[in-house]
Colleague: 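Handing you this structure, nothing more for now.
Just follow the structure's listing: the first ligand is 1, and inside any ligand the first atom is 1.
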Amino acid sequence: MVFTSSPQNTEIMFRNEERCPFRDPLGPVAKIRDERNEYHGLTNSNGEDWWRVRQIVNQHFLQNTAVWKYAEAHRNVSKDFLKFIDRNMDEKNEVPNFGKALNRWSFEGAGVFTLKRRLGALDIKPCTEIEEMINCNERIFQSMGELLYALPFWKYVNTKDMKKLRQALQEQYNSTETHILRILKDKDISSEGSILHNQCLSDRSYIHSFVNIICSEKVILMTEFLVAGIDTTSNSAAFLLYALASNQEAQERLREEVREVNRMDTIDGKLLHNMKYLQACLRETQRMFPFVNSSPRRFRKDLVLSGYLIPAGETYIVYSYTSCSLLNPEYYDDPNTFIPERWLETKSVTERQRERINVTYLSLFIMSGPFGLGMRMCPGRKFSIQELQLLLITLLSNYRVEYHHDPIKVAFRLVSFPSQAPQFKFTKLKN
Ligand code: HEM
């Protein structure tokens, strides 16, 4: 296995990618799917089987106009989250278990673009079915974390964690199937004129557009989107809020940009694109707190990395987007300081530095991107970014966010998560 966190090597790998890049499946999930003779899902499939589904997913998830259609619905999710904060704030103006609250917010957001409906995770009393789905998701992440970072006894024995994962995957499958069947039967469409109504009209075309995919495959795919989109997005939100809570000047500058947008009655996704400071804050947070640690690949040809010949096929390569490169003073001046402005200047600090050390913009860009690289890059990235942007817009227009606990660092399990519970103090702004 070869680990690298060098931007130059990352670029070489990117340039050598094939049309269907090979990524080793997540072993425990692949085993369970094999036992049941089921579709492996997008994350776990390779070759033409992967491409057959991925090209359809790209149409729905990666075209800006397709994503922008949901901006208003995502803003409504964030407004509901605001009400959730108001309801649950304690005497210190903090929301107990705020990390879990963020999971509810991201689950609700994922429901909007995956199942095309509001699931009610932020309601005063969410229904048992939704509580079970959220709980199921936590169990899937927990058991996967245990299985992947311990000795692989699960390959030979039906371990406790393997049983837990099998059970949780089945429960999540059943719930997702119920939702999809409702959409297909046109039973559960929001009332006429509501924001989701128009999107629900295209629900069936969205589900039916996976024409070459049989029903059980659709369910596995949608389950996968729900699982993949929750902890990743909520942990990213926690890091973003932490970065802004610890840098009040940046928070204030962002608030000025945000206020304008929040005054509008409806939100146009294109507007979000033009919010340069918001994007710079996102990028800077991703640099300091990488949302995901690595993107593994396997190549069918030899590659030369850092002067070493890596033979084809058998070598399993992990790109490590770790802080050792993202916080390296060789690549970024003052790397431990949160400076969103470094992504704004015409001739940025980063760019001047890159000229000094002869690293291309592309390689630094790929290295600091949290969504992987090339053809297999995360298909949910545009939805996630839109959700994060709308969360900040809604929160910062109404609250000042502060953090008064031990410093938060990045901890890695299956994805990155905050090393401390992300507990923020919310102070209502006078408008
Ligand atoms: C901030 C949030 C997110 C982060 C940081 C993230 C990160 C990643 C990364 C690093 C990969 C591996 C890419 C590679 O191998 O090059 C990936 C793959 C994937 N992500 Fe995300 N992701 C996020 C949100 C989402 C959401 C909302 C969805 C829901 C659709 C999603 C669905 C997937 C799927 C299905 C794959 C596998 C893609 C494939 O193999 O073709 N992710 N993600």
Side-chain angles (χ1 to χ4, degrees), residues 10 13-14 17-26 29-30 39-62 66-67 70 74 77 102-103 105-116 137 141 176 206 210 217 220-240 282-283 285-287 289-299 316-322 366-389 391-392 410 412 414-417:
T10 314
M13 292 175 184
F14 173 70
E17 263 214 340
E18 296 160 23
R19 186 172 71 95
C20 299
F22 187 96
R23 194 180 53 221
D24 278 318
L26 294 166
V29 179
Y39 169 56
H40 273 217
L42 196 59
T43 317
N44 272 354
S45 47
N46 276 299
E48 290 305 322
D49 196 32
W50 166 78
W51 179 237
R52 169 178 72 94
V53 177
R54 177 70 201 229
Q55 53 189 321
I56 305 172
V57 173
N58 286 355
Q59 282 165 28
H60 291 284
F61 284 46
L62 291 180
V67 176
Y70 295 94
H74 275 146
V77 171
L102 281 173
N103 272 350
W105 160 79
S106 62
F107 180 73
E108 191 66 18
V112 163
F113 66 83
T114 300
L115 297 171
K116 314 291 167 186
N137 208 64
F141 253 80
T176 313
Y206 158 80
F210 291 80
E217 290 185 337
I220 287 177
L221 204 57
M222 303 300 156
T223 309
E224 190 180 358
F225 293 159
L226 279 178
V227 174
I230 297 171
D231 287 55
T232 45
T233 310
S234 60
N235 290 342
S236 309
F239 286 126
L240 251 172
L282 253 171
R283 186 121 202 124
T285 310
Q286 289 163 356
R287 180 187 68 80
F289 306 95
F291 298 168
V292 164
N293 188 26
S294 66
S295 292
R297 289 288 187 279
R298 213 189 265 248
F299 289 87
Y316 182 76
I317 302 172
V318 175
Y319 308 115
S320 231
Y321 299 98
T322 53
I366 301 171
M367 193 185 67
S368 65
F371 295 104
L373 86 169
M375 301 285 281
R376 278 203 95 135
M377 211 172 171
C378 174
R381 62 189 186 271
K382 292 198 175 184
F383 278 117
S384 267
I385 289 178
Q386 179 164 282
E387 287 177 75
L388 290 168
Q389 289 177 322
L391 176 75
L392 285 190
V410 181
F412 288 109
L414 204 53
V415 294
S416 342
F417 63 97

Colleague: With respect to Thr233, determine whether any N or O atom, backbone or side chain, lies less than 3.5 Å from an N or O atom of ligand 1.
Modeller: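 There is no such contact.
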Colleague: Who passes side chain to side chain contact (heavy atoms under 4.5 Å, CB included) against Ala237, sequence neighbours left out?
Modeller: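 Here the qualifying residues are Leu102, Trp105, Leu388, Leu391.
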Colleague: Ser384 heavy atoms, cut-off 4.0 Å: which ligand 1 atoms fall inside?
Modeller: 1 (C), 2 (C), 24 (C), 27 (C)
Colleague: Are Phe113 and Phe383 close enough that their ring centers fall under 6.0 Å?
Modeller: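 Yes, the ring of Phe113 comes within the 6.0 Å limit of the ring of Phe383, centre to centre.
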Colleague: Given Glu224, Arg23, Arg376, identify the one with the heavy atom nearest to atom 37 (C) of ligand 1.
Modeller: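 Looking at heavy atoms only, Arg23 sits closest to atom 37 (C) of ligand 1.
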Colleague: For ligand 1, which atoms sit closer than 4.0 Å to a heavy atom of Phe61?
Modeller: 30 (C)
Colleague: Output, in order, the C-alpha distance, side-chain angles, deciding distance and verdict of side-chain contact (heavy atoms from CB on, under 4.5 Å) for Asp49 and Arg52.
Modeller: CA-CA 5 Å; Asp49 196 32; Arg52 169 178 72 94; 3.0 Å; yes
Colleague: Between Arg54 and ligand 1, find which residue part has any heavy-atom pair under 4.0 Å and reply side chain, backbone, both or neither.
Modeller: side chain
Colleague: Does at least one non-hydrogen atom of Phe371 fall below 4.0 angstrom from an atom of ligand 1?
Modeller: yes
Colleague: Is a salt bridge present between Arg19 and Glu48, judged by a nitrogen-to-oxygen distance below 4.0 Å?
Modeller: yes
Colleague: State the atoms of ligand 1, each with its element, that fall below the 4.0 Å cut-off from a heavy-atom position in Arg297.
Modeller: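 Every atom of ligand 1 under 4.0 Å from some heavy atom of Arg297: 14 (C), 15 (O), 16 (O).
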Colleague: If you apply the rule side-chain contact (heavy atoms from CB on, under 4.5 Å), what do you find for Ile385 with Phe371, and how did you get there?
Modeller: CA-CA 11 Å; Ile385 289 178; Phe371 295 104; 3.8 Å; yes
Colleague: Among residues at least two apart in sequence or on other chains, which ones pass ring-ring contact (aromatic ring centres under 6.0 Å, His included) with Phe239?
Modeller: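 Phe289.
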Colleague: Measure from atom 28 (C) of ligand 1 to every heavy atom in Gly372, Gly380, Ala237 and give the option owning the shortest one.
Modeller: Gly380
Colleague: For ligand 1, find out whether one of its N or O atoms is nearer than 3.5 Å to an N or O atom of Trp50.
Modeller: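 Yes; the residue has a nitrogen or oxygen that sits under 3.5 Å from a nitrogen or oxygen of the ligand.
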Colleague: Among Leu240, Leu226, Leu282, Thr232, which residue places a heavy atom closest to atom 3 (C) of ligand 1?
Modeller: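 Among Leu240, Leu226, Leu282, Thr232, the closest heavy atom to atom 3 (C) of ligand 1 comes from Thr232.
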Colleague: Pick whichever of Cys378, Ser106, Pro21, Ser236 has a heavy atom sitting closest to atom 42 (N) of ligand 1.
Modeller: Cys378
Colleague: Whether Arg376 and Glu17 form a salt bridge (side-chain N of Lys/Arg under 4.0 Å from carboxylate O of Asp/Glu) is what I want to check.
Modeller: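 So Glu17 does not pair with Arg376 through a salt bridge.
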Colleague: Measure the CG-CG distance between Leu226 and Leu221 for me, rounded to the nearest 0.5 Å.
Modeller: 10.5 Å
Colleague: Which atoms of ligand 1 sit under 4.0 Å from any heavy atom of Pro379?
Modeller: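 It comes down to these atoms of ligand 1: 19 (C), 20 (N), 33 (C), 34 (C), 35 (C), 36 (C), 38 (C).
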